[in-house]
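Report on the structure given below.
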Amino acid sequence: MKTHVTNSLAAIGAALCIGLAHPVDSDACTRIVYKGLDSLYVVGRSLDWKTPIPTNLYVYPRGMSKVGNEQPGAVKWTSRYGAIYAVGYDGGITEGMNEKGLVVNGLFCKGTVYVNDATQNRPPMSMAMFISWILDMNATTPEAVAMLSRQEFTISGATFDGGTVSTLHWGITDAEGRTAILEFDHGTVRIYEGDDIRVLTNDPAWPSMQAINEYWQKIGGANMLPGTVKSADRFVRADYFVRHVESVADADLGVAICRSVLVPECVPFNYTVESEPNVSSTQWRSFANTRDLRYYFEPVTNNGFYYIDLSKCNLRPGASVMKLTTSEGVNYIGEANKHLRKSAPFTPMY
């Protein structure tokens, strides 16, 4: 596994400790990478939160001019690739996949601190547009790693849901299954790469999580696995099972296998326990087939789940932005391209 560290200046008193702004144990997202045959990779994730996060799907064509923040001097770019985004509150991108099969998912990580004195005056980038920038400009994980390692930006995010700050880390996977984990450690970009990275949950940060997982690997998952909804327990279980299921080439079966690993790591809908008032239940799941460019979406209250076939979308420059309003799709099953509608771009919550 390779580790990249950028801007290793120690964070000083001005570092922004935004990780303290949201409740302890309020997050419970899980990300897994299923490795099939014939170049099939499926990236599955659950989005867990203590209150509903309305999320709609947007398909953006290539060739669009974008800006990362409304502040002066913000990062600007013109998209090289079309992509599908899952947009929370119609204001910020949670995850997405581009037409080259690159997938990026953001998960909460409470220990995240994005800036230090050395980075705070760099070109602004909003959390609402960060994933778009990665997907729009890169075809592969190594390309994304090279761009992010330069850290020619400073990142920030709007609060939501009563003052919660988006303290995140990200999983990045491309069509060849190459995966990287991106974390911010007191303003220092840390990127961990490896074809063997198969799971990401929340806290602790990646090095500590790996140490926990290695402990359980010595015990052996066939003998015992931890069973709570806590982040480390979900990581250990998911990592064991995703490595011990059958590898197949069939896309539908591959998604079904990936889903069978992910669902047991989800927190039951409307689950509550007195000792953990901030525990979060799963709101939705997604599955990105990087080979066939199918992005599956599954709100837990739906009667089924559906997918957008990105290979069938018009992604040429000048094409319309398309939107699927998920609240209208309670009964959608299978390919849902016909339910996409022309739309204005979403309005970022800078």
Side-chain angles (χ1 to χ4, degrees), residues 19-34 42-53 55 86 88 94-95 105-112 160-162 164-171 181 183 197-217 219-245 257-287 297-302 305:
L20 300 178
H22 54 81
V24 175
D25 292 330
S26 63
D27 46 25
C29 302
T30 303
R31 181 189 200 262
I32 62 175
V33 180
Y34 168 76
V42 181
V43 180
R45 78 83 53 89
S46 65
L47 187 287
D48 301 3
W49 194 244
K50 59 186 181 295
T51 57
I53 297 182
T55 303
T94 301
E95 64 175 36
N105 311 85
L107 284 71
F108 266 86
C109 184
K110 289 188 287 292
T112 298
F160 69 98
D161 195 20
T164 299
V165 178
S166 296
T167 54
L168 306 179
H169 57 181
W170 294 264
I181 305 301
E183 297 185 334
I197 296 176
R198 306 291 288 277
V199 177
L200 179 66
T201 54
N202 310 110
D203 298 277
W206 183 255
S208 298
M209 186 69 82
Q210 284 299 93
I212 294 170
N213 195 43
E214 287 169 5
Y215 165 82
W216 281 99
Q217 287 173 339
I219 294 175
N223 300 315
M224 182 188 300
L225 288 169
T228 76
V229 298
K230 293 181 181 299
S231 176
D233 287 7
R234 287 181 286 107
F235 187 105
V236 169
R237 290 197 305 271
D239 191 75
Y240 173 76
F241 285 117
V242 80
R243 296 179 189 277
H244 287 84
V245 290
I257 293 172
C258 183
R259 184 175 182 273
S260 74
V261 174
L262 184 63
V263 168
E265 310 318 320
C266 294
V267 181
F269 192 60
N270 286 345
Y271 168 75
T272 59
V273 56
E274 283 188 24
S275 61
E276 298 182 34
N278 294 312
V279 71
S280 298
S281 58
T282 298
Q283 306 292 323
W284 51 261
R285 291 177 283 265
S286 69
F287 305 90
F297 198 72
E298 182 187 16
V300 296
T301 54
N302 272 28
F305 67 109

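Rounding to the nearest 0.5 Å gives a distance of 5.0 Å between CD1 of I197 and CD1 of I181. Residue L107 holds its CG atom at 10.0 Å from OG1 of T94, rounded to the nearest 0.5 Å. Rounding to the nearest 0.5 angstrom, the gap separating the CG atom in N223 from the CH2 atom in W216 is 10.5 Å. Note that the CG atom of D233 and the OG1 atom of T201 stand 9.5 Å from one another [nearest 0.5 Å]. Interatomic distance, N105 CG to L168 CG, rounded to the nearest 0.5 Å: 11.0 Å. The structure places CE of M209 at 9.0 Å from CD of E183, a figure rounded to the nearest 0.5 Å.
Between F287 and Y34, every side-chain heavy-atom pair lies at or beyond the 4.5 Å cut-off. No side-chain heavy atom of T55 sits under 4.5 Å from any side-chain heavy atom of L47. Residues C258 and I32 form a side-chain contact, since some pair of their non-hydrogen atoms from C-beta on lies under 4.5 Å apart.
Here the closest non-hydrogen pair linking S46 and T282 is CB-CG2, 4.0 Å. Taking every heavy atom of both residues into account, T228 and K230 meet most closely at OG1-N, 3.1 Å. Between G88 and I53, the closest heavy-atom pair is CA-CG2, 4.3 Å. The minimum heavy-atom distance between V236 and P226, with the atom names listed, is CG1-CD, 3.6 Å.
Scored by the side chain to side chain contact (heavy atoms under 4.5 Å, CB included) test, P264 finds no partners at all (sequence neighbours excluded). F269 pairs by the side chain to side chain contact (heavy atoms under 4.5 Å, CB included) definition with S281, Q283, V300, T301, not counting sequence neighbours. Residues passing the side chain to side chain donor-acceptor pair (under 3.5 Å) test with N302, sequence neighbours excluded: none. Remark: F297 pairs with W284 by the ring-ring contact (aromatic ring centres under 6.0 Å, His included) rule, at least two apart or across chains. Every residue meeting the side chain to side chain donor-acceptor pair (under 3.5 Å) condition with S286, not counting sequence neighbours, appears here in chain and number order: E95. With sequence neighbours excluded, the residues forming a side chain to side chain contact (heavy atoms under 4.5 Å, CB included) with Y240 are A222, L225, H244, listed by chain and number. The ring-ring contact (aromatic ring centres under 6.0 Å, His included) check on F235 picks up W206, with sequence neighbours excluded. When the salt bridge (charged side-chain N to carboxylate O under 4.0 Å, His left out) test is applied to E298, the partners found at least two apart in sequence or on another chain are R259, R285. Shown here are the salt bridge (charged side-chain N to carboxylate O under 4.0 Å, His left out) partners of R237, two or more places apart in sequence or in another chain: E265.
In this structure, R45 contributes its side chain and L200 its backbone to no donor-acceptor pair below 3.5 Å. Looking only at distances, a side-chain donor or acceptor of N202 sits under 3.5 Å from a matching main-chain atom of C29. With hydrogens and angles ignored, the 3.5 Å screen pairs a side-chain donor or acceptor of R198 with a backbone N or O of V33. Put simply, the side chain of R31 never gets that close to the backbone of W170: no donor and acceptor are under 3.5 Å apart. Remark: the backbone N or O of D203 is paired with a side-chain donor or acceptor of S231 at under 3.5 angstrom.
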